[in-house]
Protein chains: 2
Amino acid sequence: MPESVALDPVDLHILRMLQNDARTTYRELAAEVGVAPSTCLDRVARLRRSGVILGHRLQLDPARLGRGLEALLLVQVRPHRRELIGPFVERIRALSESRALFHLTGPDDYLVHVAVADPTDLQRLVLDEFTSRREVARVETRLIFQQWECGPLMPPAAGRRSPAETTETRPGPSAP
Amino acid sequence: MPESVALDPVDLHILRMLQNDARTTYRELAAEVGVAPSTCLDRVARLRRSGVILGHRLQLDPARLGRGLEALLLVQVRPHRRELIGPFVERIRALSESRALFHLTGPDDYLVHVAVADPTDLQRLVLDEFTSRREVARVETRLIFQQWECGPLMPPAAGRRSPAETTETRPGPSAP
DNA sequence: ATTGAAATGAATTCTTC
DNA sequence: GAAGAATTCATTTCAAT
């Protein structure tokens, strides 16, 4: 359902600028990209409407908010059924300590990125909000030494094809 | 070094609003919080200077950018020495597929959040950028079914104390 | 779809409290 | 620090292309 959107060089340039600083004005954008400010406005509006741009979010420093310790929790939820995972997800999302939540393939069902004050706070969180829940079969805690947000998210460069220069074994919409 | 910053209710209200929508105007902010727009401006400027606010970033939909498949890669880098992990981190950060990178405690040294076009693209990424590197001892790939960004990051509620209402075994700055 | 100019409204400065 | 008025500047609209 989330269908890929066609983007021209102007859109890409605008997105790169805005990912760097989402407060860049349409004037600056226009000057940099080489179109009129009103065009930038129009492009950004369309990128929003088409769903490429989801929103503008503030980036905060957890450490300065008294949450200097971050961790990833790998969680098994068993049995892995909708009736149990729905409420689990809602509860975890609502925790003030949660920064992100992933539902995954593999031995661990969920990965939760949390930010806490200190080890005692982390212990409290794990014991009170995770292992105390009946559906939580296992929690593995991994501390974060350091983290990086990576460069601008951009469309894949077209025309790669590396593991096996040969044609696919499973057809797909076959080429002539 | 990243020292916690004291925040009053006005700061907290402003941060909550801006996390919800970072483009909220100072006028709206002022109306909602109950102070003058110029005061909001001043507060936000100070929050930026104090390092609480790191920046304003655009939130994009990877699927609409042709990156409809996301995964977490658990990576062991061996030997785990600075000379090897420095270049590894730089290379991974520079990949257009990387969204985030974590240096962790535990059996896996790094967790890499990637966004790719499809399984073939993921296979290429793992083989060409990870397992082909000499320092990469092991990669475990976990697909992301679904993900959530969690509610506003806020300072920890003061005055909890749950696992053992008793006093700590290890002293710390002892209470009278 | 893009423009440039006009109008609307927001960000920012400054003086006063 | 905070407020309010005044200024500067950005956003948004619109008629024309």
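Small disclaimer: the values here were computed from a predicted structure and weren't measured. Every chain is numbered from 1, with letters handed out A, B, ... down the list of sequences.
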Handout entry: Approximate separation, where rounding is to 0.5 Å, of Asp121(A) CG and Arg67(A) CZ
Key = 7.0 Å
Fill in the blank from the handout: Residues passing the side-chain contact (heavy atoms from CB on, under 4.5 Å) test with Pro79(A), sequence neighbours excluded, are Arg81(A), Leu84(A)
Can you name the atoms? Protein N/O to nucleotides 9-11 of chain D N/O, anything below 3.5 Å, with the distance.
from: dA10(D); atom 1: OP2; to: Arg27(A); atom 2: NH1; distance (Å): 3.3
from: dT11(D); atom 1: OP2; to: Tyr26(A); atom 2: N; distance (Å): 2.7

Handout entry: Partner set under side-chain contact (heavy atoms from CB on, under 4.5 Å) for Glu149(B), not counting sequence neighbours
Key = Arg57(A), Gln59(B)
Completion exercise
For residues 21-42 of chain A, the salt bridge (charged side-chain N to carboxylate O under 4.0 Å, His left out) pairs (sequence neighbours left out) are Asp42(A)-Arg46(A)
Practice task
For the pair His103(B) and His80(B), name the ring-plane relationship: parallel under 30°, tilted 30 to 60°, perpendicular over 60°.
Solution key: tilted
Completion exercise
CG (Leu104(B)) and CG (Leu74(B)) are apart, to the nearest 0.5 Å, by 8.0 Å
Fill in the blank from the handout: Interatomic distance, CZ@Arg91(A) vs CD@Glu129(A), rounded to 0.5 Å, equals 4.0 Å
Exercise for the section: Any ring-ring contact (aromatic ring centres under 6.0 Å, His included) involving residues 10-57 of chain A? Give me the pairs, sequence neighbours left out, ordered by first then second residue. Expected result: none
Handout entry: Secondary structure of DNA chain D in dot-bracket form (Watson-Crick or G-U wobble, distances below 3.5 Å, | marking inter-strand pairs)
Key = ||||||||||.||||||
Problem - Partner residues of Ala45(A) under the side-chain contact (heavy atoms from CB on, under 4.5 Å) criterion, sequence neighbours left out - result: Arg49(A)
Completion exercise
Residues joined to Phe130(A) in its hydrophobic cluster, side chain to side chain under 4.5 Å directly or through other members, sorted by chain and number, are Leu69(A), Leu73(A), Val75(A), Val77(A), Ile85(A), Phe88(A), Val89(A), Ile92(A), Leu95(A), Leu101(A), Tyr110(A), Val112(A), Val114(A), Val116(A), Leu122(A), Leu125(A), Val126(A), Val136(A), Val139(A), Leu143(A), Trp148(B)
Handout entry: Which residues share a side-chain contact (heavy atoms from CB on, under 4.5 Å) with Thr39(B), sequence neighbours left out
Key = Val35(B), Ala36(B), Arg43(B)
Problem - Residues in side-chain hydrogen bond (donor to acceptor under 3.5 Å, both in side chains) contact with Glu135(B), at least two apart in sequence or another chain - result: Arg133(B)
Problem - chain A footprint on DNA chain C, 5' to 3' - any atom under 4.0 Å from a heavy atom - result: dA1(C) to dG4(C)
Exercise for the section: Identify, residue by residue, the members of residues 42-56 of chain A with a heavy atom below 4.0 Å from DNA chain C, and return them in order of residue number, or none. Expected result: Arg43(A), Arg46(A)
